[in-house]
Structures are given as C-alpha cells and as structure tokens.
Visitor: 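Sharing a structure here in structure tokens format.
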Amino acid sequence: MQKYILAIDQGTTSTRAILFDHESNIIGIAQKELDNYYPQPGWVEQNANDIWASCVGVMFEVLAKTGIKDSQVVGIGITNQRETTVVWDKETGMPIYNAIVWQSRQSNSYCEDLKKRGFEDKIKEKTGLLLDPYFSASKIRYILDHVDGAQKRAENGELLFGTMDTWLLWKMTNGKKHMSDVSNVSRTMLMNLKTLEYDDELLTLWNVPRCMLPEIRDTSEVYGYTEGLFDHPIPIASLVGDQQAALFGQTCFEAGNVKNTYGTGCFLLMNTKDKIIHSRNGLVTCVGWRINGICDYILEGSVFVAGAAIQWLRDSLSIISKSSESEQRAMSISSCEGVYVVPSFTGLGAPYWKPKVKGGILGLTRGTTQNHIIRATVESLAYQTSDVVFAMQEDSGLKIEKMLVDGGASKNNFLLQFQSDILNTEVVRSNISETTALGAAYLAGLAVGFWKSKGEIKEQFQIARTFQPSMEETSRIQHLNGWKKAVNAIMEF
C-alpha cells in the first residue's frame, strides 16, 4: 500500500492540506481561506476556532479528493504563521480572545515602554530579536491585560498560550499535548537563544506565567497522535515555523544557503548552522530547526507586506481582478516612470523597524496610470527584499550569489527577473512552489523514517527556472536610489 505524508500549512490568509509521496510529488491540495479582522487601523485578528475548523476541513477534503485512506498517511507535519498568538481555557478549549496575528501592531505600547526603560539591548542579546510587537510576548501581555481576570487565571494554571502549531497540536490530540518546537518558540521573545529554554528574566519582564507556556521540543519528532479525527491515529511528527519550513523545503542545509519567500509578507532567511550571528543591521537571529538535539540557527529579515500588497491592488483599489493579472499589467509598460509604492500598511519591518510608518505612493504625475501603480507595487516586493539582502550580506560577511525563492508571488516572472536585476544576483525558483508545506513534510518524514536522511531529500530537489541579472549597473543604482528616497520620504511623513 502506497504511503504518504500530510502537511498542514496554516498561513495568514488560508489553511492548506497537501499530500506528498516519497518522491516529493504533490498528490493533492485542499485550501480554505480565512477571515481577518481589523478592529482598528494596524490591528489584525483572527478567530482561532475558525482556524481549527479550516484545518479539519482541508484534511478531510484532500483525502476525499485523492481517494487516499487515513491509514496510508504515515505522518502529519504542521507548519504555521509563527508569532500569531492565541490564549485559551485549559478545560473548555475555548479561546478567551481572538488570535492576534503576527502583523498586528496593537501591542506596540508595551514594546515602547520597555524601550524607554532600557531593556531593548538585553532582550536582543537573550533572544536575538528586536523589541517589536511583531513577536508573541507583547501579544500575550495584551490579551492578559484586556480580558477580565485573565492574568490571575493564567497564574492559576487555567489558561494556555500557543502559536498556531501549539493550538493545532493541542486540538488534534484532544488536549493531551501542549508543545511547540524551538523554531516557533524562538519567535515568542520568551526563549533564551543559547540555552533554548524559557528565560526567567524574560518571563518576569513580560509578566507571563511559565505554567501557560508549551513544552519546547525538537522540530522533527513524534509529539503525539490524532485522537477522534480519523479511523486510524496518525502521528504528528513535525512542528515548524513557516519560514524555517520553507528554508528546509528548499534544502538549504549548509551555512550561507539563502531563501526568500514571497507570501503575505516577505521573508529572507540564511542558514548559519551552529553560529549565532547578532545583527547590526536590523535583522533577527532565531532557530531554524533542531533535529536529534542538533540546532541550526538562522539570520532573518522580515518584510511585513509583500503579497498582501498585490491583494490590496485587487481588493481595496479594485484595479486588478485577480493577483496573477499583476504580472501582465506590469509588463504592459516599459517602466514605472519614477513612481514608487512603499506598501508599509502595518509599518516597516527589516531593516528599518518603524512600526508606526504608513504607506505611500510617490512620484505621481498627470500621466500616471493604473499600470504604473501596479508595476510599482510589484517592484516594491523586490526593493524590500533587496534592503534585507544588503543588510544580511553586511552582517554575515558573505556575498549572496544565489537566492532560492518560493511563495505565491514567486510565480510572477516579471517580479523574479526584476529581483535578479536589482540584486545583481541569480534567482532560482524550485520546481515545487509549495516549499513551506514540503519542508514540514520532510521534517515529519524524517521523524517517522519515510525519508532516511537530509541527503536523500537533497537528491530530490529540482529547479524550475533560473533568472540571471541583465540590468545595466547605472540603471540599477538609479532604481535603488529612487527607492531609498521614497522610503525616507514616508518615514518623514
């Protein structure tokens, strides 16, 4: 009987279930889009129960669509939007507040307070992270402060915290397993990067009770089994943050390997193996994965709005009818004619970290058309990525000669060619665009013996297309200088 690995890719805009066979082929996909709520400008929330329901729905849908039985699934890997925070009642399993999404800035005041009190450097030294509402700690603090009695209940052991991997594992095992892996916990701002354990000083600083936190585990192991979902219990065998999963799915196993994901946001990661590199240029340091107790660290730069900017063209401006239309419209003109779009709708991420900055369209003239704005928006994904690449090269001392790419917007050939031109670097798109889910599948497969080693996995990697730079140096510099002026302008606004 043929065997498969089921990957759950729980993202910001949708939840997907993808079945992989032993040759890394996608056998089936099911997807359900999710609602995001915006109670105030800059706030982003989701319903955690809706996320769980979407997870159950896509698991059953993909099995039904493919005709594969649950007994043929030898392991489940979970990859997730990382910092998104949910707090729930230990007994009833009901969230006490909406899940606060990684993009949300509603807990910014807590970070500003700690900056004023001089804790920024200490937090970065311990966690590798910048003091920003992006990460989970301030989101936990917000929930405990804004739900009546929540702090006391948390201290009494009545409440549990989790990022989405923890929430789904807890639900899948019917409340028996409250765990997370080091890649996700390294994004909470509560774990010491050297000890890979929760840090007492950080817990005191954020006033987060230890008893509500998940147990920290490896990234690839059997945590537990599904209960009450399928006829046959299935081992849950990997938990991994989505960007680390994509790095693993791109087989970036060696020091200096780099990948960029063009998803809702944009995420550039470099594997630094056992070396912890503290950034001097606005990047963060965290855990890539830990397998059999051996940890790979990463340098990461996060752009808050990437693919979400294309959705903005579609849903808010209504100047494209579907996201894929942006490629053809961008290519219908030869240039943006000096128009720049800076899509900092939820602040600027790496390397700037300006959470209060709003977006802008600059360089408008009477001749500016919809196509100029569309093209400038697509180009903004490449410009934001270039900012991170330049910071990463300076921190690591390495010239990035090749960048592996994935994510929804990586299907846009115009974007990838422009990215290669602006960086003057080779850009490689893998044959499978679903590398986030593939990474979770690989990690789960290693845990259950479906794949024997990373070497076996590496042999399966296939390139779909390589983009080589072709822009003249003077033009490249001119484009980048224009982008810098646009970013500086909105930061002054």
Side-chain angles (χ1 to χ4, degrees), residues 8 10 15 45-56 76 78-102 104 106-107 110 135-192 196-200 202-219 221-229 236 238-241:
I8 304 298
Q10 202 298 293
T15 302
E45 297 179 357
Q46 292 178 325
N47 184 310
N49 279 328
D50 286 351
I51 291 174
W52 166 237
S54 72
C55 178
V56 174
I76 295 174
I78 298 174
T79 182
N80 56 289
Q81 49 171 321
R82 295 172 296 180
E83 301 80 9
T84 297
T85 295
V86 61
V87 175
W88 68 94
D89 185 296
K90 187 177 181 179
E91 292 300 318
T92 67
M94 291 297 295
I96 66 169
Y97 190 86
N98 274 344
I100 301 180
V101 176
W102 60 272
S104 189
Q106 67 206 75
S107 57
Y110 296 102
F135 305 105
S136 305
S138 65
K139 301 179 192 297
I140 301 171
R141 189 66 262 143
Y142 181 93
I143 293 172
L144 294 183
D145 278 350
H146 288 80
V147 176
D148 287 344
Q151 180 67 32
K152 187 68 175 174
R153 292 182 66 201
E155 292 170 358
N156 291 340
E158 298 172 25
L159 300 180
L160 299 176
F161 152 74
T163 43
M164 280 300 132
D165 60 312
T166 301
W167 170 242
L168 295 182
L169 175 67
W170 194 86
K171 296 292 281 186
M172 283 185 184
T173 60
N174 198 25
K176 289 189 168 54
K177 301 295 180 181
H178 183 225
M179 299 173 175
S180 186
D181 91 296
V182 284
S183 76
N184 279 293
V185 179
S186 73
R187 308 289 292 190
T188 63
M189 203 172 273
L190 299 173
M191 188 187 84
N192 189 300
L196 302 180
E197 299 288 347
Y198 293 116
D199 188 281
D200 287 333
L202 293 172
L203 297 183
T204 299
L205 199 61
W206 291 106
N207 194 19
V208 171
R210 182 182 285 269
C211 59
M212 72 184 300
L213 301 176
E215 181 183 351
I216 303 173
R217 308 289 298 194
D218 275 5
T219 309
E221 63 172 280
V222 175
Y223 312 96
Y225 295 80
T226 59
E227 187 170 311
L229 283 172
I236 299 136
S238 74
L239 303 174
V240 59

Visitor: Does Asp145 have any side chain to side chain donor-acceptor pair (under 3.5 Å) partners at least two apart in sequence or in another chain, and if so, which?
Guide: Tyr110, Arg141
Visitor: To the closest 0.5 Å, what do you measure between CG (Leu168) and CD1 (Ile51)?
Guide: 7.5 Å
Visitor: In chain order, what residues pass the side-chain contact (heavy atoms from CB on, under 4.5 Å) check against Thr92, with sequence neighbours excluded?
Guide: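 Partners of Thr92 by the side-chain contact (heavy atoms from CB on, under 4.5 Å) criterion, ordered by chain and then number, come out as Asp89, Met94.
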Visitor: Between Arg217 and Glu215, is there a salt bridge with N-O shorter than 4.0 Å?
Guide: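 Yes, Glu215 and Arg217 are salt-bridged.
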Visitor: Would you call Trp206 and Leu190 a side-chain contact if the rule is heavy atoms closer than 4.5 Å?
Guide: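 Yes, side chains in contact.
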Visitor: Who pairs with Glu227 by salt bridge (charged side-chain N to carboxylate O under 4.0 Å, His left out), at least two apart in sequence or on another chain?
Guide: Lys176
Visitor: So, applying side chain to side chain donor-acceptor pair (under 3.5 Å) with Glu155, which one of Gln151, Arg153, Lys152 is it?
Guide: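 The side chain to side chain donor-acceptor pair (under 3.5 Å) with Glu155 is passed solely by Gln151 among Gln151, Arg153, Lys152.
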Visitor: Within the structure provided, determine whether Cys55 and Lys171 are in side-chain contact (heavy-atom separation under 4.5 Å).
Guide: no
Visitor: Can you tell me how far the CH2 atom of Trp88 sits from the OG1 atom of Thr166, to the nearest 0.5 Å?
Guide: 6.0 Å
Visitor: Mark yes or no for whether Ser104, through its side chain, and Ile100, through its backbone, hold a donor-acceptor pair below 3.5 Å.
Guide: no
Visitor: Among Leu202, Leu196, Leu213, find the one that has a side-chain contact (heavy atoms from CB on, under 4.5 Å) with Met191.
Guide: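 Running side-chain contact (heavy atoms from CB on, under 4.5 Å) over Leu202, Leu196, Leu213 with Met191 returns exactly one hit, Leu196.
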Visitor: Which residues satisfy the side chain to side chain donor-acceptor pair (under 3.5 Å) test with Asn192, sequence neighbours excluded?
Guide: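 Here the qualifying residues are Asp199.
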Visitor: Do Leu160 and Val87 come within less than 4.5 Å of each other through their side chains, counting heavy atoms only?
Guide: no
Visitor: Just verifying a value: how many Å separate Lys90 NZ and Trp170 CH2, rounded to the nearest 0.5 Å?
Guide: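 It is 9.5 Å, given to the nearest 0.5 Å.
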Visitor: Under the ring pair (Phe, Tyr, Trp, His ring centres under 6.0 Å) test, which residues partner Trp102, sequence neighbours left out?
Guide: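 Trp102 satisfies ring pair (Phe, Tyr, Trp, His ring centres under 6.0 Å) with Tyr134, Phe267 only.
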Visitor: Please identify each residue that fulfils side-chain contact (heavy atoms from CB on, under 4.5 Å) with Asp218, with sequence neighbours left out.
Guide: Glu221, Arg290
Visitor: Side chain to side chain donor-acceptor pair (under 3.5 Å) with Ser107: which residues, sequence neighbours excluded?
Guide: Ser138
Visitor: At their closest point, which heavy atom of Trp167 faces which heavy atom of Ala48, and how far apart are they?
Guide: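 The answer is NE1-O, 3.0 Å.
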Visitor: Distance alone, cut at 3.5 Å: any donor-acceptor contact between the side chains of Thr15 and Ser54?
Guide: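 Per modelled atom types, Thr15 and Ser54 side chains form a pair under 3.5 Å.
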Visitor: Donor-acceptor pairs under 3.5 angstrom involving side-chain atoms of residues 178-185: please list them, not counting sequence neighbours.
Guide:
| residue | atom | partner | partner atom | Å |
| --- | --- | --- | --- | --- |
| His178 | NE2 | Phe161 | O | 2.9 |
| Ser180 | OG | Asp165 | OD2 | 2.8 |
| Asp181 | OD1 | Ser183 | OG | 2.9 |
| Asp181 | OD1 | Asn184 | N | 3.2 |
| Asp181 | OD1 | Asn184 | ND2 | 2.9 |
| Asp181 | OD2 | Ser183 | N | 2.9 |
| Asp181 | OD2 | Ser183 | OG | 2.8 |
| Asp181 | OD2 | Thr219 | OG1 | 2.7 |
| Ser183 | OG | Gly241 | N | 3.0 |
| Asn184 | OD1 | Asn80 | ND2 | 2.9 |
| Asn184 | ND2 | Asn80 | OD1 | 3.3 |
| Asn184 | ND2 | Asp165 | OD2 | 3.3 |

Visitor: Could you measure the distance from the CG atom of Leu205 to the CG atom of Asp200? Nearest 0.5 Å is fine.
Guide: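 These two atoms lie 12.5 Å from each other.
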Visitor: Rounded to the nearest 0.5 Å, what separation is found between the CG atom of Asn156 and the SG atom of Cys211?
Guide: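 The SG atom of Cys211 is 8.0 Å from CG of Asn156, to the nearest 0.5 Å.
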Visitor: Name all residues meeting the salt bridge (charged side-chain N to carboxylate O under 4.0 Å, His left out) criterion together with Glu45; count only those two or more places apart in sequence or in a different chain, and write none if there are none.
Guide: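 Listed in chain order: nothing, the list is empty.
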Visitor: Can you tell whether the side chains of Glu83 and Arg187 come within less than 4.0 Å, N to carboxylate O?
Guide: yes
Visitor: For Val222 and Ile236: C-alpha separation, side-chain torsions, deciding distance, then whether side-chain contact (heavy atoms from CB on, under 4.5 Å) applies.
Guide: CA-CA 6 Å; Val222 175; Ile236 299 136; over 6 Å; no
Visitor: Check Pro214 against Tyr198 and note the closest heavy-atom contact, atom names and distance.
Guide: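 For Pro214 versus Tyr198, the nearest heavy atoms are O-OH, 2.7 Å.
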Visitor: For Val56, what residues pass the side-chain contact (heavy atoms from CB on, under 4.5 Å) criterion, not counting sequence neighbours?
Guide: Trp52, Phe60, Leu229
Visitor: Output the distance between atom CD1 (Ile96) and atom CG (Leu144), rounded to the nearest 0.5 Å.
Guide: 6.5 Å
Visitor: List for me each residue that meets side chain to side chain donor-acceptor pair (under 3.5 Å) alongside Gln46, sequence neighbours excluded, and say none if there are none.
Guide: Asn36, Gln81
Visitor: If you take all heavy atoms of Leu239 and Leu169, which pair is closest and at what distance?
Guide: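 Heavy atoms only, the tightest pair is CD1-CD2, 3.9 Å.
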Visitor: With sequence neighbours excluded, tell me which residues meet salt bridge (charged side-chain N to carboxylate O under 4.0 Å, His left out) with Asp148.
Guide: none
